[in-house]
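In what follows, a structure is listed as structure tokens, so that the remarks can point back to it.
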Amino acid sequence: METSMDKEEGFDRNDFGSEEEYRLYCLRHSTAHVMAQAVQRLHPAARLAIGPPVEDGFYYDIEIPDVTLSEDDLSAIEAEMKKIVKENQPFEMEKVDRVALREQLVAAGQPYKVEMLDGFDDPISVCRNPSKKTGETWVDMCAGPHVMRTGQCKHFKLLKIAGAYWRGDSTRPQLQRLYGTVWPTREELDQYIFRLEEAKKRDHRKLGQQLDLFMFHDYSPGCAFWLPNGETVYHVLADRMRSMLLSEGYVAVRTPQLFDKKLWETSGHWDHYQENLFHFAEGHFHEGEEAEGENRILGMKPMNCPSHMLIFGSRKRSYRELPLRVHDQGVLHRNELSGALSGLTRVRQFSQDDAHIFCAEDQIADEIERLLELVERVYGAFGMGMKIHLSTRPAEKLGDDDLWDRAEGALREGLERRGIDFGIKEGDGAFYGPKIDFDIYDALGRGHQCATVQLDYQLPRRFELSYVGADNALHTPVVIHRAIVGSFERFIGVLIEHYAGNFPVWLAPEQVRVMTVSEKSLEHGRAVLDALRAAGVRVTFDDGDAKIGYKIRECHGKKVPYMAVIGAKETEDGTVAIRSRDDGDLGTMTVADFVEKVRSEGVVPF
RNA sequence: GCCGGGGUAGCUCAGUCGGUAGAGCAGCUGAUUCGUAAUCAGCAGGUCGUCGGUUCAAGUCCGAUCCUCGGCUCCA
């Protein structure tokens, strides 16, 4: 694919990871132009904002006075885009005089372009798309780069339409964002659409219902009800995380839900996070009534860290206790905006494999190294890859550069000691300390943020924590906020989609379903059920009078890993005929062999 | 919270121009006792998210509201 790069200045190809990335960038950005041109052909009054490439596609933010587009309008825009592609207009870049362009944009009623122009340094350039067919030339202020001609933007599809604030600012006007995807070839476009459809089939909300894992109810928005199957998955996971951490030298605690507002003032949440805190006045009173007298405000915890600060500060601490690793699976509440809630990925109530490590500064690198080993062990067990980044000091930060140098150095040392290949996100750290970001990749190659490791120098100071060092002087501990799977709610959502609902035996809520061919085999069926139950296998019994084919179909629908078919032959031999969800008919084996098989596959692999 | 979709039986969905609410699956009952992805018949199942309005008449039109979906935003 040809691009216009050679003709342009101010663009460095090295800004892109690869030649392919660069070409896709050009293609996607160019197709955004084609879409904007199409929209302006259909709606001449359309005001354009920005139209950047994004992962797998592009969007363009557009405002059309008095017109609200809906997804039904996308096909008309696509049709117009096809014409533009067919006209094979060239993309012609030209540097222009900013004053003249500004006048033109004002005259054309393009307030967003004007606003952008005023924020740009010279040189200012426009992109022209002359059409031989219509004789018109479409112009957009743009820095490029583009492909050579609109004919290259052939394999596109518009996907959705959504509201988006101008410059992401909710006090500014809301524009209409049109999303599309585009690929160099028809095959790649088809593959992408196929991938979207596959992802839809795996949607954890759909599978959650199909597999009876969880539900939601209008009366508790953003809070999952874990049904028996889902609760099993939750429990297996949470229990394993807990036992793993205990064997890694952590201690577990359980802490309150409700705290006096003073705690949140101390931690800083009241100033910085109040809108996400569920809080209310203490005392007895009814709806609409004012609480009598001086009632203190209670807030539900959105994080466990303040509780753990209180525990650490509850008595004199010695350096000999460090590192003190405090694990807490407490339930957390965050008052997320109603419009932000989404399945298990964005909830108001959840719990985490949370822990805070109190340590001395010279213990940080060791702790980081240990943590990284755990993260790799856990995600390796799920067959998930990851990319790791070190996020360094942001512009607005607390603490001097010397402190940050040491903090970033300690994280870097931990990463290097484990031989981890990591990137740097400059300035992406929290204001209270640097952090390590983990991007976890699932079976469809989609990234998720679950694990987190953050250094915090500020919170212990706010709580005036200290320990007595070997030098008999008081020192302030450093805190490491860390979670491996993060919110169990979100992580189970990710797992459901990663496995497409086909949980491995160790995680499957129902590991085996025993099913009889006819009622003549009921007795042996019950014996098999009892044997499996006695071995601790999660097993159910389908003793209905449906045909075996029906039972198998039903069982596949629930994605149970093993079916134990019991007919006359098995009854006579005292065996079971095993059908695997993933590998089909496995033939006949003894009950004892099957129990052993399920038990060995049921062992948690981390 | 904001913009735009959506909410009809347990689930998936149909319902035309405003004129007596439908299907498949699931459920229940009965028949059937069957060997690896759907046995047959019958029955039952609904205040069309909720509240209000327009109308002789509202699932359908209007308004409000709740939930949900796609985004924005937020995630110190």
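Remember, it's a predicted structure, so these values are computed and weren't measured experimentally. Every chain is numbered from 1, with letters handed out A, B, ... down the list of sequences.
Closest contact between the side chain of A:L341 and the listed nucleotides B:rA38, B:rU68, B:rC11 involves B:rU68. Of all nucleotides listed (B:rA38, B:rU36, B:rU33), B:rA38 comes nearest to the side chain of A:Y550. Closest approach to the A:V565 side chain among B:rU33, B:rA76, B:rU36 is made by B:rU36 (side chain taken as heavy atoms from C-beta onward). Checked against B:rU36, B:rA76, B:rG70, the side chain of A:R579 finds its nearest nucleotide in B:rU36. Of the candidates B:rA37, B:rG35, B:rG1, the closest approach to any side-chain atom of A:A577 belongs to B:rG35. When each of B:rA76, B:rG1, B:rC2 is scored by its nearest atom to the side-chain atoms of A:Q174, the top-ranked nucleotide is B:rC2. Checking B:rC75, B:rA76, B:rG35 against every side-chain atom of A:L459, the shortest atom distance belongs to B:rA76.
Residue contacts for A:K551: at a heavy-atom cut-off of 4.0 Å it reaches no nucleic acid atom on any strand shown. Using a 4.0 Å heavy-atom criterion, one finds that A:T516 contacts no nucleic acid atom at all. At the heavy-atom level, A:Q458 lies nowhere under 4.0 Å from the strands shown. Heavy atoms of A:I548 sit under 4.0 angstrom from primed sugar atoms or phosphate atoms, though from no base atom.
Listed pair A:Q454 / B:rA76 fails the phosphate criterion, with no side-chain N or O lying under 4.0 Å from OP1 or OP2. Contact check, A:K520 against B:rC34: a side-chain N or O comes under 4.0 Å of OP1 or OP2.
Separating the NE2 atom of A:H556 from the C1' atom of B:rU36 is a distance of 8 Å, rounded to the nearest angstrom.
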Any chance you could lay out the side chain to side chain contact (heavy atoms under 4.5 Å, CB included) test for A:N276 and A:H269, step after step, and finish with the verdict? CA-CA 9 Å; A:N276 281 60; A:H269 288 94; over 6 Å; no
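Side-chain atoms of A:H356 and A:N304 include no donor-acceptor pair closer than 3.5 Å. A:H556 and A:R579 are linked by a side-chain donor-acceptor pair at a separation below 3.5 angstrom, with hydrogens and angles left out of the test.
The distance between the ring centers of A:Y379 and A:F438 does not fall below 6.0 angstrom.
Both A:A340 and A:K160 lie close to RNA chain B; mapped to their nearest nucleotides by heavy-atom distance, the more 5′-ward contact belongs to A:A340. Looking at which nucleotide of RNA chain B each of A:S518 and A:F216 is closest to, the 5′-most match is held by A:S518.
Judged by Watson-Crick or G-U wobble contacts below 3.5 Å, the nucleotide B:rC43 has B:rG27 as its partner. Searching all strands for a Watson-Crick or G-U wobble partner of B:rA9 with both distances below 3.5 Å returns nothing. In this structure, B:rA37 makes no Watson-Crick or G-U wobble pair, since no nucleotide meets both defining distances under 3.5 angstrom. Under the Watson-Crick or G-U wobble criterion, with both distances below 3.5 Å, B:rG63 is paired with B:rC51.
At least one test fails for A:R172 against the ring of A:Y165: distance under 6.0 Å to the centre or angle within 45° of the axis.
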